[in-house]
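Contents: one structure, followed by commentary.
These values consider heavy atoms only, across backbone and side chains, with no hydrogens, waters or symmetry-generated copies.
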Amino acid sequence: MILKVIFIFIFSILLTYALIRPFSSIISKLFFIIGSILGILSLSGDFYAGKIAGLLGIGRAADLYLYLSLVTVFLFIGYTINRLDYINKRISKLTKEIAQENAKNHKD
């Protein structure tokens with residue numbers, strides 16, 4: 001029981017952190033928010049998760065877990081793809097700058 005409370009507290013801190021902190025990407029912010037909500041829901045118990053699922057129009061708490069998990073996974077994949085694309089563009093830019101600098105130095 002005490003571990004449940006500790007983990008709910010940790011997920012609550014992560015949720016607060018995600019809501020307050022400015023992120024460079026909206027995808028990473030959503031990943032933190034939805035992941036924290038999923039963690040809190042999974043620890044709150046079936047009764048509360050079932051009530052929240054009912055309020056959202058979802059039949060069962062297990063379906064709510066599934067939907068939130070899928071959204072979280074897709075956000076993580078999207079964030080990772082965007083980050084890798086950004087890094088590839090930076091590497092290409094640096095490679096071009098180094099090649100131009102080397103070409104300039106060899107002409108002199």
Side-chain angles (χ1 to χ4, degrees):
M1 180 64 177
I2 189 73
L3 284 176
K4 214 181 213 189
V5 173
I6 290 171
F7 280 116
I8 288 175
F9 180 70
I10 290 171
F11 282 122
S12 299
I13 289 173
L14 286 173
L15 180 62
T16 305
Y17 173 74
L19 292 172
I20 293 173
R21 180 184 183 270
F23 284 86
S24 60
S25 169
I26 189 72
I27 293 175
S28 58
K29 185 173 190 135
L30 287 174
F31 175 73
F32 263 100
I33 291 171
I34 293 174
S36 300
I37 291 171
L38 182 63
I40 292 169
L41 277 177
S42 66
L43 291 168
S44 66
D46 292 334
F47 177 74
Y48 295 113
K51 288 288 186 187
I52 293 171
L55 288 173
L56 294 174
I58 300 171
R60 302 178 308 154
D63 294 336
L64 177 64
Y65 294 144
L66 176 67
Y67 299 153
L68 284 175
S69 298
L70 287 173
V71 168
T72 305
V73 167
F74 285 129
L75 286 173
F76 179 73
I77 290 169
Y79 173 75
T80 304
I81 289 170
N82 286 339
R83 187 73 180 154
L84 288 175
D85 187 45
Y86 172 75
I87 290 171
N88 283 335
K89 287 179 183 176
R90 294 277 316 246
I91 290 172
S92 295
K93 184 179 177 183
L94 287 172
T95 304
K96 288 176 187 177
E97 289 176 5
I98 291 170
Q100 289 173 350
E101 190 66 32
N102 285 341
K104 190 188 317 182
N105 289 338
H106 287 295
K107 285 183 181 179
D108 296 336

side-chain contact (heavy atoms from CB on, under 4.5 Å) partners for L56, two or more places apart: I52, I58, L64
side-chain contact (heavy atoms from CB on, under 4.5 Å) partner of V73, the single match among L75, L70, I77: I77
Atom of A61, atom of G50 and distance for their closest heavy-atom approach: CB-N, 3.7 Å
Pairs where residues 46-92 contributes a residue and the test ring-ring contact (aromatic ring centres under 6.0 Å, His included) is met, not counting sequence neighbours: F31-F76
Heavy-atom pair of closest approach, residues N102 and H106: O-CD2, 2.8 Å
Hydrophobic cluster identity match, I6 and I40, side-chain contacts under 4.5 Å: yes
OG-CZ distance between S42 and F7, expressed to the nearest 0.5 angstrom: 10.0 Å
Audit row: K93, E97, side chain to side chain contact (heavy atoms under 4.5 Å, CB included) steps and yes/no: CA-CA 6 Å; K93 184 179 177 183; E97 289 176 5; 3.4 Å; yes
Atom pair OG1 (T16) and CD1 (I33), whose distance is rounded to the nearest 0.5 Å: 10.5 Å
I26 with L84, same ILVMFWY side-chain cluster at under 4.5 Å: no
With sequence neighbours excluded, residues passing salt bridge (Lys or Arg N to Asp or Glu O under 4.0 Å) with D46: none
From CG (L38) to CG (L43), nearest 0.5 Å: 9.5 Å
Separation between CG of L19 and CG of L14, rounded to the nearest 0.5 Å: 11.0 Å
R21 CZ: over 12 foreign heavy atoms closer than 6.0 Å: yes
Atom pair CD1/CD of I98 and Q100 - distance to nearest 0.5 Å: 11.0 Å
Cluster check F11, F9: I/L/V/M/F/W/Y, side chain < 4.5 angstrom: no
Transitive ILVMFWY side-chain link I81 to I91, under 4.5 Å: no
Taking every non-hydrogen atom, the tightest pair across A18 and K29: O-CE, 3.1 Å
I13 CD1 to I8 CD1 distance, which is reported to the nearest 0.5 Å: 12.5 Å
